[in-house]
Every structure is written in structure tokens, then in C-alpha cells.
Amino acid sequence: MCVKGLYIIAVLSGLAASGVLQVSGMRVYTSGDVEAVNGTDVRLKCTFDSSAKINPNLIIVSWTFRPLSGGREERIFHYQSQPYPPLEGIFKKHISWAGDIMGSDASIIIREVKFIYNGTYTCQVTNPPDVHGPVGEIRLRVVKTASFNELLYLVLAIGGGIATVVFCLIIIVSCRRCKRKHRQSQLEVDEEVPRKERKDPTACHPSKAIHLYISETSIEIDSSDGMISDPSTGDSSSSEDDGPSSDDDDDDGDDSD
């Protein structure tokens, strides 16, 4: 008998280790206590975690409500492939689907909450073969005005948003000023730098230049007979050569006489 019991335990352990035998389970998570101001909308958050693969055609979500004053529990919302809001009762046209099955979200929204909505809300999710598991509970309390903590959170959120916007504006203005100063300084530097002389496009390189030499000549006119004499170049050597020739002519003249 003992040997047979040990054999069964060993077989079950082997099946469990190989994954053939697997314990099903569904875990549901809710936000606990929720407070809402009369006449506002409130979201009842419910998420789940299933060990089996999510099948949107088989998964079922059920929401129930039990009044704070006591009484029977009633179903107020049902989801199976599509949402089924209540068609009668105090929650008629006041509950809408806000979940995402593939995102493991089974939340709902209650529109324009009333004081009669005070009570406990339960969220139950089944995903075959995960059909067993605890349900999630949310205790809703409807108040006339927001509590101090909620007001504080609201003020901090608004103040944080305003501070963020102001900080961004300061950064933008500072960046623009820095760019403007940089441009002005760049313009000043450009004005201080001496301008380079523009090169004359008609000028050529000295090695390619053609040098022209002009010789000066003069023409002498003899006033006595109106004859034009040979041009003189202004050369000193020519003048010296012409001098003796004149003297010789004079000497010849004297001899002829």
C-alpha cells in the first residue's frame, strides 16, 4: 500500500514538473477605497492576471454592487465579448465600459455619481480554464466636496503644470536672447575685420605684362630759311658728334674765300 501511494505521488510530481498538470488561477486587482464628489464621474479600476492565454471570446467580467446601508447584492454590469450595461435600476445610463480585455483591464466608469451609489463594488473575471480566484472589491464614498488631500493633489497638479509651462517659456526666451546676442557679436566682429581690397579684373600678372617704351623726338625748324632740320633725339653723344662737323664746315668756308 505504501509503495502504491509513493508511486502515485511520484507520477503526480512528474506531471506537475512537465507542465501537464497545471493549477488554474485568476488574480484580480482593484484600487480599494475610492472617493468621488457628488455629480462627477469616477473610474472604478479593475485589472487581472490570468495564467491561461487571454481569449476575448471566452473571458467574462461581472460587476456587482452592495449598498452601504446593507441589502442584497445586485449585478450592475456584465461583459462577454461585448459590454452589457444595466437596462434598469439606479445605474441605468450611468455605467459605461472603460476596460481593455487584451490589456488585462476590466474597469468601468460611473457617470454623475449620487449619494445612493455609496457602497461596495466587486469585480470578478473568469478566463477558462481560469475560473477560480478571488474577486476584487472597491468601496466607493460619495461626498459633497473634495477632501483636503484631493484638493491638495489638485493644487499641486495645477501648480506643477503652470510651473512647467513657465520654465519652458523662460528657457525659450533665454535661448532666443542668446542667439540674438551671438548674431550681434558676430556682426560687430565682421565690421571690425578690414575688408580685403578687390582685385582689378582687368589687371594682369606682372610676368605676362607687355612693357611699351616711347622715345621722345623733337623737330627743329630753322626760322631763316623755313627748312625743317633733322629731328634731335636729345642724345648727348649725337650733339657732340654734330659739333665738330659744324666747325669743319666753317673752316672749309674760310678756305674757299
Side-chain angles (χ1 to χ4, degrees), residues 27-50 53-54 56 61 79 82-83 85 93-115 117 121 123 136 138-217 234:
R27 292 178 294 275
V28 179
Y29 309 95
T30 54
S31 52
D33 296 338
V34 176
E35 187 177 279
V37 179
N38 182 36
T40 61
D41 300 341
V42 61
R43 185 174 187 267
L44 302 184
K45 186 177 181 180
C46 175
T47 57
F48 59 90
D49 186 11
S50 177
K53 184 178 179 180
I54 297 177
V61 178
Y79 180 94
Q82 63 179 2
K93 296 182 179 180
H94 284 273
I95 296 182
S96 60
W97 174 248
D100 179 14
I101 294 300
M102 299 308 298
S104 301
D105 190 354
S107 304
I108 60 173
I109 292 178
I110 302 179
R111 309 287 183 184
E112 301 177 356
V113 296
K114 305 175 183 179
F115 291 110
Y117 294 167
Y121 297 79
C123 174
I138 298 176
R139 290 174 294 276
L140 176 63
R141 187 167 68 95
V142 181
V143 297
K144 291 183 179 180
T145 58
S147 62
F148 176 77
N149 290 335
E150 291 185 351
L151 290 176
L152 180 61
Y153 294 152
L154 181 62
V155 170
L156 291 176
I158 295 174
I162 295 174
T164 303
V165 172
V166 172
F167 181 72
C168 293
L169 290 176
I170 292 174
I171 292 177
I172 293 173
V173 173
S174 300
C175 292
R176 289 183 177 179
R177 288 183 178 179
C178 291
K179 290 182 179 180
R180 189 178 300 171
K181 290 182 179 179
H182 179 71
R183 290 177 182 176
Q184 291 178 354
S185 60
Q186 189 67 29
L187 290 175
E188 292 176 357
V189 171
D190 293 340
E191 291 177 357
E192 291 177 358
V193 174
R195 297 181 179 179
K196 294 183 178 180
E197 294 183 357
R198 295 184 179 179
K199 185 176 180 180
D200 188 357
T202 61
C204 61
H205 195 272
S207 61
K208 299 180 180 180
I210 300 175
H211 301 278
L212 302 176
Y213 297 94
I214 301 174
S215 60
E216 296 179 355
T217 59

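Scope of the values below: all heavy atoms of this structure, side chains included, with no hydrogens, waters or symmetry mates.
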About how many Å separate [atom2] of [Y] and [atom1] of [X], when rounded to the nearest 0.5 Å?
X: Tyr29; Y: Lys45; atom1: OH; atom2: NZ; result: 12.5 Å
X: Ser31; Y: Arg139; atom1: OG; atom2: CZ; result: 9.5 Å
X: Asp100; Y: Thr47; atom1: CG; atom2: OG1; result: 12.0 Å
X: Tyr117; Y: Glu112; atom1: OH; atom2: CD; result: 8.5 Å
X: Cys175; Y: Ile170; atom1: SG; atom2: CD1; result: 11.5 Å

Minimum-distance pair of heavy atoms, taken over all atoms of [X] and [Y]:
X: Val28; Y: Gly136; result: CG1-N, 3.8 Å
X: Cys123; Y: Thr30; result: CB-CG2, 4.4 Å
X: Lys144; Y: Val37; result: O-CG1, 3.3 Å
X: Trp97; Y: Ile108; result: CE3-CG2, 4.3 Å
X: Ile110; Y: Leu44; result: CD1-CD1, 3.6 Å
X: Ala106; Y: Val61; result: CB-CG1, 3.7 Å

Do [X] and [Y] make a side-chain contact, defined as non-hydrogen atoms from C-beta onward lying under 4.5 Å apart?
X: Ile101; Y: Tyr79; value: yes
X: Ile109; Y: Arg43; value: yes
X: Lys114; Y: Val142; value: no

Inset, instruction - Take Arg141 and Asp33, measure what side chain to side chain contact (heavy atoms under 4.5 Å, CB included) needs, and give me the verdict at the end. - result: CA-CA 8 Å; Arg141 187 167 68 95; Asp33 296 338; over 6 Å; no
Legend entry - Under 3.5 Å: donor-acceptor pair, side chain of Ser107, backbone of Cys46: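 Checking the backbone N and O of Cys46 against the side chain of Ser107, a donor-acceptor pair under 3.5 Å is found.
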